[in-house]
Structures are given as C-alpha cells and as structure tokens.
Amino acid sequence: MAESKEEVDVLVQRVVKDISSAFKRHPNIDEIGLIQCPEARYNRSPIVLVENKLGVESWCIKFLLPYVHNKLLLYRQRKHWLDREALVDITCTLLLLNPDFTTAWNVRKELLQCGALNPERDLYLSKLALTKFPKSPETWIHRRWVLQHILDQFSSVAQTTEQPVESEHPDAERTLLLSNHLNRLIHQEMKVCSDAACRYPSNYNAWSHRIWVLQHMAKGNIKVFHDELSSVHPWVSMHVSDHSGFHYRQFLLKELITELSRSSSSASTIFGSSQHWTSTVPSSSHLANGERSLAYSPSGERFATVLQLFYQETELCSDLIETFPGHETLWSHRRHVYYLWHQWTQDQHPCGDGRESELNLLGTNDPGDTRPTCAIHEGNVDRQRHVSVPMEVDGVSLPDCDSKRLRRGILLPNHLTLQNEHIFVNSILDSCCNPEQKNFALAYKKWLDTVISAQS
Amino acid sequence: MSAQLKDVIIKPDAPSSLLLDKHADYIAAYGSKKDDYEYTLSEYLRMSGIYWGLTVMDLMDQLQRMNRQEIIDFIKACQHECGGISASIGHDPHLLYTLSAVQILCLYDSVDAIDVDKVVDYVKGLQQEDGSFAGDKWGEIDTRFSFCAVATLALLGKMDTINVGKAVEFVLSCMNFDGGFGCRPGSESHAGQIYCCTGFLSLTGQLHQLNADLLGWWLCERQLPSGGLNGRPEKLPDVCYSWWVLASLKIIGRIHWIDKDKLRRFILACQDEETGGFADRPGDMVDPFHTLFGVAGLSLLGDEQIKAVNPVLCMPEDVLQRVGLRPDLLS
Ligand SMILES: [Zn+2]
C-alpha cells in the first residue's frame, strides 16, 4: 500500500483519472457506491464498474478524499493552478465522496457560467451523488441552480425569437423545441425526486425540490399538476408513514384548486402568469396531447373538477386510515384536506356564513334518505354508492353552472361536511382497538372542534 | 396490519444524571484531532462546528479551556473581500457561517476583530426584492437564511440596514395551515424551519403575527412516548429536534404544554457515559452538534448546573446581556 507522500500522490492521481475515464467510457453509469474493502489489492485500481454501478473500494478513500480536498482548496486560495479539465475531474471525485462540499459545487457553477461545462453534465453528476446521498442539501441546491441557469438560457432564446411576423414559422418550431426540452427536464426532475424519496423516507429536501420544480418550471400548468397527483397516488399508498409525500399531495391539491377556482375571465391568462418566457412558449399541456386544457374549460366544469379532487382525496385518505391504522401522517393529511375544503367553501361564498351548509346539501343527495350519508358508518367503504349518486344541483349556486355536464359522472365529496367528519371519526373510535389509531382519531376530533369551529 | 410507533425505548441503565465534566473533556479534545478523516469530511461547516463547541463550553462555564486567540485569528482569515465569512480557509463565504462567526465573536466579546461594516453590507446585499434572503451569491432561497440575516444584524446592532417589513412579509408567506413554517412558500412544516421563523419573528418584533396556539399544538404533537421530540410526523425523536421544538415553544410562551420531565429523561439518556457528549438518540455516536443541543435543551428545561440559554439565538443569556440584545418572547 502506498504510504509516502509521493506514492500517495501518484496513486491518487491515477484514481481520479480512473474515475473520469470510467465516466467517459460508460456514459450510462446510474449509481455510485462504496465497496467495503479494507486492504488494497495489489496493482488493481480501486475503481470497479459492475453493470452500470461505479464502486470505489473503501481502502483508498482515506488517501483520495484529503488529496482532492486539499488540491481544490489550494486552487481556491490561488496557491495552486489547475486547468479546467483538472478542475472538472477533481470536483467530480470530491463531490461523489463529499457532496455537501459547497465550494466544489461553486467551482462547477463558475465553469458552467463560462461555458466550460455543460449543464446536463451537472444534472447527471448531482443525480449520481443523490444515489448515495439522497438527502445532501448542497446537491439539491446545486441542482436548482443548474435548472435556473437552463431556464435563463431558455428565456434569452425566447426573447431573441420575438421577431417580425414574416418569420413566424421557424419561431414556432423553435418554441416547440424549447417546450419539449422543458417537458423532458420536468420529467427528469420528477424521476430524480422519486428515486431519492425511495432511498430515504420523509426526504424533506427531495420533496421540497419537487415543489420548487413545479413552482418554477410548470407554474399554472394544470395538466402537469394533475399528472403529478396521479403519479404519486400509488407511491403514497405504499408509503403511508411518509409525511413529505402526503404534503406534496396537499401542495398539488391546493395549487390545482387555486387555478381551477379562478374566474373564467382569468383563464386565458393562466399561462401568462407562468415564467415570463412561457408567454412565447405554448403550454406543454397543449403540445403534449390534443385534449382541451382544463384551463380553458367552462367554469362549471372546473367547479366540478374541484369537487371531484376533494372527493377522491377524501376517499384515498379514508381508505388508507382504515387499512393502515395508527399512522400520524394519514391523520395529518386528513386535517389538511378538510382544511382546504373548509377554506374553499368559504371562499366560494365569502359573504354568507350559512352558505357552507348549502354546499353541504351536496352530501345529502336524497332528501328522503335519513341514513347517514357516510358509507363508512356501516363499517366499510361503499364505493358503489358514491359512484351511482347523481349530482344534486338544485338549491346550490354554482357559478355559471352547466348542470347537464355536472350531472354526467361527477362524484361528490360527501364525506366532507363537519357532521360527516365526526361520523367518520366515531366509526373509527367504535371499531378500532389500536391505541395509536384511537389517539389520532381523538386528536382529529379535537382539532375539528377547536380549529375548524373557530374559523367557521 | 398495525403500525409500530416510531420511537425509541429508553433502557433502565441509560444515563439519568448530567455528566458535565465528561462533556467538557469531550469538546476540549474534539478540536485537537485535526488530521482525522472525519474532520476533513466536515470542514465545509467548520465555522458552525466551532460555534457549537464554544457555545456548549460557555454554557458549562468552561470557555476558558478553548484557544481564544487561535479561533479569532481563524475567523479573521475566513472573512472575504465581499464581507462574508466562510466555513474555513479557502471555502466560499455564506450566511450560515457568517452568523456562526459573529456568534463566536460575541462569546469572546471581540466583534471588532472583523470588518463589521463589510459583514453588514454582505448581509444587506443578499436580500431579494421579495424580502427573502439568498444564502450566498448563488441565490438559493430559504427561511433559514432569513433567520441568519436578522440574527447576524441583531447581534451587530444593525437591523435597520435591511428592509425588515419585506423580510417579514416573505417569512409569513411560508406559514402553513398547521401554524408551522417550511423552507419556502408551499413547503412542508419542519421543526428546524419553525425554529428559524419564530426566531426571526422574535428578532423583528413580529411574534404577534403567529398563531401561537395552533403552532403550539403542532409542536406539542412532536413529543413521543419516550419523551423525546421529533421534527415532523412519524420521524424518530432526536436531541437536535428536541431543542428546535423546545426553543420554539419557549419563544411562543407554550413550553409548559409538553411533558418536561420525560423530555429531560430522554435527553439525559442520549449521553455517552464513556466518551462524553450527546448523540441524536440513546446509544448512537456522539458529536458536538447534538452535545450543544442536548445541553442547551437541559438549560431551557431549567437545569441549574448549566448557564441560562437564550432560546432565539442559542447563546448564553449573559452574553446577550453584554451585547444588549433581548429578543421578544410571548408570555
Ligand atoms: Zn439530530
């Protein structure tokens, strides 16, 4: 094993080279890891490639890390010169070993700014770092910076595209290209976030990054938000302790409801409210498929979509609470969904306090039916009943309501009345013997009685 | 199918009394093994590491054991042309380490060792149009950085140099339906972020903007049967989150809403009887970070062997008295 300073230098330089040439020869490396191996094997590189996984044997780390660490810091203090290629290689090795070394990411930002490094390469490097360090705050921060850098480039391209009417055609092609590129980027970010969420439970940094991406790259784009809500549905159902995943749904729900609740007159400007350059880039929802965007649909349909979102979320939440008793996350989700509903109904009728009960009528759809409307009271979730219920619109002031459209297959969030929430909680309390579930149900009841009642 | 509650069991033989001497020895020895691999790995946050170590030593009245001149010289060497301070020599400046450096210099009553005007300019320059603060020139936004900015300026007596109204507006835009706060608007409530935001509102005199009962409710729900506190639903209890939750409760005047005795028992159980120091949970490896928050937590719980700690700045109260700073607390 190399021990003298000169020997260590030679060894480490070789390892740094091995890593960078591994990436050159195998552009599909998709994971990094440490191979537990306390002793060096004679004359063999500690860099091992198995399928698409890059492994570093643990014995070399104690030489490798201090070497690349000190080399970069000497460069930063202008005590040692490194050319661009060496900087790229050294920061790559350093960040794969210690991804929270902020200054190394900053060096790469400078290389990106002067064009010496392609932004896609850093999206790739940070993705790899996250396979081993899925929480690493500095890696997520760098990713956001790179994405913002790309968005700024888009923006300048879009600006130069604004030209006289004659050259309309090539511009349209260009905007289409940009829009496709944007969709690809969004898709890639969602994948990176999902992978990191799977690797570490309640991964705050991964989920707040995902929110950032939507806020900065898909603002106002109802289709993307809708797709996200569907795509994380199976994930949260399998990760019922992951509060961050459920918070993400709460975020999506809130954004969707806000967008859908805008008056129809503002619908045409929804895409104008997104990042400035998107005003010249058609929304991805137009390009991705031929369907009419929800943003342009009549207000009655949008209103019905809101009701359906609430209905589906409550159904999901009830199902999970009953199937997986004793999860604080699920009860916390229920609070949030009910709170959103409560806010929304109040926003629909800002002047009247008796109006929420008017909307509550939606739940009791058959005036002759005196049974509790909540099917859960009977011990299980009766989906059939909800599906078969036609919407009763009489007596409810839907804005510009197209009642025929509403009557077609609209599902009602008929759990979401204060009374039905109490019925739901009582049914849980009556039937359950799990002490945690009981505590959470009681806490929810108390929350309804104090927080919601105080705001009604 | 039943969920097993995410919590720890405190063994009967877990430490139940405070081992102050061991902790002081542990911290005093920590800085001396500088060639250590771990030490290299954590250099990117060295300035905060020094703040943790010195603050806990001061709380234990052992600050004189640390090398004052060496540390002040180090901080001087970490101040950059732009005024910002970096975690260590050769690293880039950042608000996180600028605050840590100013906190350390307050412990040593030597703020004048650095160029204070330049620090103020640096902090001021990071405020954005919407009132938020970037952590450094690269522009990442986080409510933590809002706290770092106002805490630094409050310690330097220069709060009036930024747009406080706008800064408050941004932090309030990160408030959630549960009364808590996340890192940015729309982000999940998180005990660490809540600590930063309540601390921020205290330093800017805006605690009345909180819904203290609602926030207090959420914070109390962080206490688990073991007595320890977690930072979000269904996470394990942790000594550092115990501090953030407890300090937030103290700031909003609701510390009596949790079971203090059980929390004290949990924190004491996180000590390592052999090496000294505190770990995140009983039986784990100790580190200076959890050692500070363990000792500070015990101080907030009223332990009289430790100096009184200020819940907003996590510094000894006598130091803040010297600085002339008295952050608001709700009663
Ligand atoms: Zn911790």
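Just so it is clear: chains get the letters A, B, ... in the order the sequence lines come, proteins before strands, and each one is counted from 1. Here the structure is a predicted model, which is why all the values come from computation and not from measurement.
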Relative to chain A, which segment of [X] carries a heavy atom at a distance below 4.5 Å: side chain, backbone, both, or neither?
{"X": "B:Ile89", "result": "both"}
{"X": "B:Asp178", "result": "neither"}
{"X": "B:Trp217", "result": "side chain"}
{"X": "B:Leu41", "result": "both"}

Let me know if [X] has heavy atoms under 4.5 Å from chain B in its side chain, its backbone, both or neither.
{"X": "A:Tyr339", "answer": "side chain"}
{"X": "A:Ala104", "answer": "neither"}
{"X": "A:Gln113", "answer": "side chain"}
{"X": "A:Trp207", "answer": "neither"}
{"X": "A:Val107", "answer": "neither"}
{"X": "A:Arg335", "answer": "both"}

Aromatic ring proximity [X]/[Y], centre distance under 6.0 Å:
{"X": "A:His239", "Y": "A:Phe324", "answer": "no"}
{"X": "A:His327", "Y": "A:Trp331", "answer": "no"}
{"X": "A:His80", "Y": "A:Tyr75", "answer": "no"}
{"X": "A:His336", "Y": "B:Phe177", "answer": "yes"}
{"X": "B:Phe289", "Y": "B:Phe293", "answer": "yes"}

Inset, instruction - Flag this pair as yes if the NZ/CZ of B:Arg222 is under 6.0 angstrom from the six-membered ring centre of B:Trp218 and inside a 45 degree cone about the axis; otherwise no. - result: yes
Inset, instruction - Please confirm whether B:Arg46 makes a cation-pi placement over B:Tyr39, using NZ or CZ under 6.0 Å from the six-membered ring centre and within 45° of the ring normal. - result: yes
Legend entry - Pairs touching residues 444-456 of chain A that satisfy salt bridge (Lys or Arg N to Asp or Glu O under 4.0 Å), sequence neighbours left out: none
Inset, instruction - In plain terms, say whether B:Glu129 and B:Lys166 are close enough for a salt bridge, that is, a side-chain N and a carboxylate O under 4.0 Å apart. - result: no
Inset, instruction - For the pair B:Glu140 and B:Arg184, find out whether any cationic side-chain nitrogen is under 4.0 Å from an anionic carboxylate oxygen. - result: yes
Legend entry - Contact residues of residues 246-256 of chain A (partner chain B; heavy-atom separation under 4.5 angstrom): A:His247, A:Phe251
Inset, instruction - Kindly indicate, with the supporting measurements, whether the criterion salt bridge (Lys or Arg N to Asp or Glu O under 4.0 Å) is fulfilled by A:Arg334 and A:Glu322. - result: CA-CA 12 Å; A:Arg334 194 163 191 101; A:Glu322 292 181 339; over 6 Å; no
If you tally heavy-atom pairs under 4.5 Å against chain B, which of [options] wins?
{"options": "A:Arg78, A:Gln77, A:Arg144", "result": "A:Arg144"}
{"options": "A:Val451, A:Leu340, A:Asp100, A:Thr450", "result": "A:Asp100"}
{"options": "A:Thr102, A:Leu65, A:Ile211, A:Ile61", "result": "A:Leu65"}

Inset, instruction - State the CD1-CG distance between A:Ile90 and A:Leu72, to the nearest 0.5 angstrom. - result: 7.0 Å
